[in-house]
**Q** 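Take this structure, written in structure tokens, and hold onto it; I'll ask about it next.
The model shown is predicted, which means the values in this text are computed figures rather than measured ones.
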Amino acid sequence: MTENVINLHKPTDPPNGPTVLTVVPDPAPAPRLPLWIRSGRAIRTAVTHDVTKTSARAAARHALYVYGGTRIVTRRAWEARTPARYERLMRAAEAAGNLEEAREWEERGQHFREARHRRRMDLLHSPIEAAKGAAVSAGTGVGLLVALGVCMAIATKDVTEVVTPLMAVIKFINLMITIVQVVWGPAVTIGPFLALLALWSVGAHQKAAPSWSLPEQHRSNEGEPITPSIVVKALRDLGVPALRNAIKEMGDAGAAMLGPIRIAGCGVEVDVTLPSGVSTIEVQNRRRKLAENLTRHEHEVFITIPPAARTVRLWIADSGALDEPIGPSPLVTDETATADYKKGKAPWGQDLRGDAAALSLFQRHLLVTGLSNQGKTASLRALALWAALDRTVEFRIADLKGVGDWAMFEGLATVLIQGPTDDDVVDATEMVEDALEEMNRRIRVRQQDPKAVFSPLVVIVDEAQVAFMCPVKDDQKNPYGGSKATSRYFMAVRRIHNQGRAVDVLMWQGTQDPTDQNLPKLVREGAHTRASLALGTESQARMALGDKAVDGGAAPHLLRQGLDKGTLVVASDGITVPAGQASITVRTHYINDDEAEAICARAKALRDGVTTLRAVDRTEERDALADILTVLGDAPRLLTQDVLKRLAVLSEDAYGAWTFSNLKDAMEAFGEEPRKSHGRMSVHRDHVLRAVANRDETGSASASE
């Protein structure tokens, strides 16, 4: 019976009222569940407990080890007594398409059958021969024992010693029989257990149990060394039925698909000849699964297509090797390094094999793309720093980020625009249009003189997406940005792409996150060298590198954002690409700002002095002598050709059509003229200063017409 609880409390109203006694019954207890439900829950808890599962899996595993060991030993015994091994290897060779090897295994199988037949025929005569041999051996043995006994009898003068050796042998045989009688019983009892232990040992060594029964594997971060068996197992478990069945037919001979495993830089490389019915694209599309089967991350396995048919080339990095930086650039370590624009190659970095990756810039337009903060500007600037060590190369640079990444080219580039504003885009567009006019001028010269040679002019626009997406329009309502025929920047770049390389006017662009809006199709396909850092999607990778490169295995969208900074996938004929591949992966050298400053200082020392313009000045009325002094800078003299070129950059409208005669007339009006220096016509700074002094004395001025 439930007891009641007496509670004492004071009512709240009135506050000082009398104490009231109330009886509060205890709450009724919860009803107990039936016994069968409580027993079922306990059983379910016990069955589903981790200890129970682990124990059951261990018991099943060890029992299956015995079964698997029995199957393996039986198979080995069967193959040792029959030609099954040769037939299996012959089928494997046929599956791999190696008919010559298949014929060799067939011949070996035939030799095995002939030898087995001879052994069986010999068994028909062996009992008689064995009986004869035993009788002769027994007689000979008894005779030797008796002879030994006679010798002992003569020596001891005791006739009984004649049978002593013979009795010793008989006693020894009796002892052996006794020992066998004692041991036989326990051996019969223990023998089956020893046999089971041996079978278990074979099964455990070969892991002959289903994967569900095996203990969980805790792999180390270092990865496993790449061996033929690991590669074959990784391919077998790739999820391609035709490949799995072919390897199953091959058995242990699946390694016949593999070429030699070669050390290649910070990893290994192996060619895999796929069985008939398996296409290379089926392996390429399973890159992540293949990498995981090889105990590697996805970015540590690269799949390319070599020239051989039905073959894939696997490059497998050492675990973690791609996270280690490469060495410094040769431009930094070798202060005597120079460049040759026409015949040389820029040291850009290293390929995955660890070999130096160098890029030829000769008459090649360049496009570098990638997500923000992945090393795009550093990669593009590294090429410009090398080219700057060739004194014949002229730079016109527009940095539409405007944070000083290209500031070291002050005094080296003839035009340097830095800033992200619409006004900076306008200046950058006019810079590209001036380069277009220079290209047209060179083409007109080439038409008159097919052998004319020009100094390379490299036009660099970093963060070009800012220019393509600029909404500003000029006085004629033509937009500076966009991808239509009315876009000034787009049309200027496109025309330089079409004809610029023939007269060494080159367009280099760096852009983020390529799309059809910020990188039009006609512009990106006009670049001869296309390189991409990490991207977000495969569609962006196709925009950056083209369908051919991506279909051939290029995968910048699989690079790790933030972790693979400076790693580029390059599609170009200016870099050595392995035979049969459409692209190459390059880990670029990083050159910091201080190192870039030092390289630019060496480049400036090779030149007579360059006046860097902040923008293109298009005023019509010019002071010719003052402009000549401006383009001379601090140089004591310059070649007349260089002076004319710099005057055209300074003002295309005023000096674009100038020739040597115009330059000569501008100075002769004040008593000076260009003169030869080392056999070449040059403009001397002292002569121009005297012309300015003469003009000031007469109070006249000379303006360009």
**Q** Taking atom NE2 of His297 as the centre, report whether more than 12 heavy atoms of other residues, nucleotides or ligands fall under 6.0 Å from it.
**A**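 Open.
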**Q** Can you say whether the rings of Phe395 and Trp508 are parallel (under 30°), tilted (30 to 60°) or perpendicular (over 60°)?
**A** perpendicular
**Q** Do NZ/NE/NH1/NH2 and the carboxylate oxygens of Glu335 and Arg602 come within less than 4.0 Å?
**A**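 No, Glu335 and Arg602 are not salt-bridged.
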**Q** Do Leu647 and Thr630 touch side chain to side chain, with heavy atoms closer than 4.5 Å?
**A** no
**Q** Assess the side chains of Thr377 and Asp462: does a donor N or O sit below 3.5 Å from an acceptor N or O?
**A** yes
**Q** Can you name the nearest heavy-atom pair linking Ala452 to Val445, along with the distance?
**A** CB-CG1, 4.0 Å
**Q** For the atom pair OG1 (Thr537) and CE (Met543), what is the distance rounded to the nearest 0.5 Å?
**A**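 Rounded to the nearest 0.5 Å, the OG1-CE separation comes to 7.5 Å.
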**Q** Please examine the side chains of Val393 and Asp390, heavy atoms only from C-beta on, and report whether any two atoms are closer than 4.5 Å.
**A** yes
**Q** Applying side-chain contact (heavy atoms from CB on, under 4.5 Å) to Leu535 and Leu533, what does each step give before you reach the verdict?
**A** CA-CA 6 Å; Leu535 290 174; Leu533 295 116; over 6 Å; no
**Q** Hey, mind stepping through Met681 and Lys664 against side-chain contact (heavy atoms from CB on, under 4.5 Å) and telling me if it holds?
**A** CA-CA 11 Å; Met681 295 301 296; Lys664 181 179 179 182; over 6 Å; no
**Q** For Leu314, is there any backbone N or O sitting under 3.5 Å from a side-chain donor or acceptor partner on Glu269?
**A** no
**Q** Check the pair Arg646 / Asp642 against salt bridge (charged side-chain N to carboxylate O under 4.0 Å, His left out), numbers first and verdict last.
**A** CA-CA 6 Å; Arg646 295 182 181 186; Asp642 291 340; 5.6 Å; no
**Q** I'd like to know if the side chain of Thr421 pairs up with that of Asp423 as donor and acceptor (distance under 3.5 Å, no hydrogens or angles considered).
**A**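 No, because no side-chain N or O of Thr421 sits under 3.5 Å from a partner of the opposite role on Asp423.
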**Q** Is it true that a side-chain atom of Arg542 and a backbone atom of Ala549 form a donor plus acceptor pair closer than 3.5 Å?
**A** no
**Q** Between Arg441 and Glu437, does any NZ, NE, NH1 or NH2 come within less than 4.0 Å of an OD or OE carboxylate oxygen?
**A**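 Here Glu437 does not pair with Arg441 in a salt bridge, since their nearest N and O are not under 4.0 Å apart.
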**Q** Drop me the distance from Arg524's CZ to Leu367's CG, to the nearest 0.5 angstrom.
**A**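 The distance works out to 9.5 Å.
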**Q** Using the ring of each side chain (for Trp, its six-membered ring), is Trp658 parallel, tilted or perpendicular to Tyr655, with breaks at 30° and 60°?
**A** perpendicular
**Q** Do we get Arg391 above Tyr341's six-membered ring, with its NZ or CZ under 6.0 Å from the centre and within 45° of the axis?
**A** no
**Q** Just by distance, do the side chain of Ser583 and the backbone of Ala571 share a donor-acceptor pair under 3.5 Å?
**A**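 Checked: no pair found.
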**Q** Has Glu300 got a side-chain atom pairing as donor or acceptor with Ser319's backbone, closer than 3.5 angstrom?
**A** no
**Q** Main chain of Val432, side chain of Arg396: is a donor-acceptor contact present, judged purely on distance under 3.5 Å?
**A** no
**Q** Taking all non-hydrogen atoms of both residues into account, name the closest pair between Ile496 and Met439 and its distance.
**A**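 Of all heavy-atom pairs spanning Ile496 and Met439, the closest is CA-SD, 3.9 Å.
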**Q** Quick one: pull up CD1 in Ile226 and CZ in Arg296 and give me the separation to the nearest 0.5 Å.
**A** 4.0 Å
**Q** Verify whether one side chain among Glu538 and Gln540 offers a donor that lies under 3.5 Å from an acceptor in the other.
**A** no
**Q** What heavy-atom pair brings Val270 and Gly259 nearest, and what distance separates the two atoms?
**A** CG2-O, 3.6 Å
**Q** Report the residues that fulfil salt bridge (charged side-chain N to carboxylate O under 4.0 Å, His left out) with Arg288, sequence neighbours left out, ordered by chain and then residue number.
**A**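 Per chain and number, Arg288 pairs via salt bridge (charged side-chain N to carboxylate O under 4.0 Å, His left out) with Glu298.
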**Q** Under the criterion side chain to side chain contact (heavy atoms under 4.5 Å, CB included), which of Ile326, Thr567, Val570 is the partner of Val586?
**A**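 That would be Val570.
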**Q** Go through it in stages, so that I can follow the logic: the residues are Thr529 and Val368, the test is side-chain contact (heavy atoms from CB on, under 4.5 Å), and I'd like the CA-CA distance, side-chain angles, deciding distance and then a yes or no.
**A** CA-CA 8 Å; Thr529 296; Val368 178; over 6 Å; no
**Q** Counting distance only, does the side-chain N/O of Gln465 pair as donor-acceptor with the main-chain N or O of Gln512 below 3.5 Å?
**A** yes
**Q** Looking at side-chain heavy atoms only, is the closest gap between Leu400 and Pro420 below 4.5 Å?
**A**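 Leu400 vs Pro420: side chains apart.
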**Q** Please evaluate residues Asn662 and Thr659 with respect to the criterion side-chain hydrogen bond (donor to acceptor under 3.5 Å, both in side chains), reporting the C-alpha separation (whole Å), side-chain torsions for both, the decisive distance (0.1 Å), and the verdict.
**A** CA-CA 5 Å; Asn662 298 109; Thr659 63; 3.2 Å; yes
**Q** Check Ala388 against Leu412 and note the closest heavy-atom contact, atom names and distance.
**A** CB-CD2, 3.8 Å
**Q** Determine the minimum heavy-atom distance between Val425 and Ala467, stating which atoms define it.
**A**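 Closest pair (atom of Val425, atom of Ala467, distance): CG1-CA, 3.8 Å.
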**Q** Report yes or no: does His365 contribute a side-chain atom to a donor-acceptor pair with the main-chain N or O of His528 at less than 3.5 Å?
**A**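 No, because the side chain of His365 does not come within donor-acceptor range (under 3.5 Å) of the backbone of His528.
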**Q** Is the shortest side-chain heavy-atom distance between Pro347 and Trp386 below 4.5 Å?
**A** yes
**Q** Would you name the heavy atoms of Ala666 and Leu625 that are closest together and state the gap between them?
**A** O-CD2, 3.9 Å
**Q** Does a side-chain heavy-atom distance below 4.5 Å link Glu463 with Thr511?
**A** no
**Q** Is Ile263 atom CD1 crowded by more than 12 heavy atoms from other residues, nucleotides or ligands, each under 6.0 Å away?
**A**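 Incorrect, the count does not exceed 12.
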**Q** Could you check whether Arg442 pairs with Asp504 (Lys NZ or Arg NE/NH1/NH2 to Asp/Glu carboxylate O, under 4.0 Å)?
**A** no
**Q** What's the separation between atom OG1 in Thr588 and atom CG in Leu359, rounded to the nearest 0.5 Å?
**A** 12.0 Å
**Q** Do the side chains of Arg381 and Asp593 get close enough for a salt bridge, i.e. N-O under 4.0 angstrom?
**A** yes
**Q** To the nearest 0.5 Å, what is the distance between CG (Asp399) and CG (Leu380)?
**A** 10.0 Å
**Q** Do the side-chain N and O atoms of Asn518 and Thr515 include a donor-acceptor pair separated by under 3.5 angstrom?
**A**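 Result is yes, a qualifying pair exists.
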**Q** So does His497 get a backbone contact from the side chain of Arg501, meaning a donor-acceptor N/O pair under 3.5 Å?
**A** no
**Q** Say you draw a straight line from OG of Ser532 to CG of Leu371; how long is it, rounded to the nearest 0.5 Å?
**A**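 Rounded to the nearest 0.5 Å, the OG-CG separation comes to 8.0 Å.
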**Q** Give me the one residue out of Leu632, Leu639, Leu638 that meets side chain to side chain contact (heavy atoms under 4.5 Å, CB included) with Val683.
**A** Leu632
**Q** Is the backbone of Asp340 close enough, under 3.5 Å, to the side chain of Lys345 for a donor and an acceptor to pair up by distance?
**A** no
**Q** Report yes if the side chains of Phe468 and Ser483 come closer than 4.5 Å at any heavy-atom pair, otherwise no.
**A**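 Side-chain contact under 4.5 Å: no.
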**Q** Should Arg488 and Asp474 be marked as a salt bridge (charged side-chain N to carboxylate O under 4.0 Å, His left out) after you check the CA-CA gap, both sets of side-chain angles, and the distance that decides it?
**A** CA-CA 9 Å; Arg488 292 178 58 177; Asp474 61 13; 3.2 Å; yes
**Q** Does a side-chain heavy-atom distance below 4.5 Å link Ile584 with Ile575?
**A**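 Side chain of Ile584 against side chain of Ile575, heavy atoms only: contact under 4.5 Å found.
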**Q** Check this for me: Glu525, atom CD, are more than 12 non-hydrogen atoms of other residues, nucleotides or ligands nearer than 6.0 Å?
**A**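 Yes.
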**Q** Between Gln509 and Val493, is a side-chain contact (heavy atoms from CB on, under 4.5 Å) present by the stated rule, with each step listed?
**A** CA-CA 10 Å; Gln509 295 184 96; Val493 172; 3.6 Å; yes
**Q** Is there side-chain contact between Pro328 and His589, with at least one heavy-atom pair below 4.5 Å?
**A** no
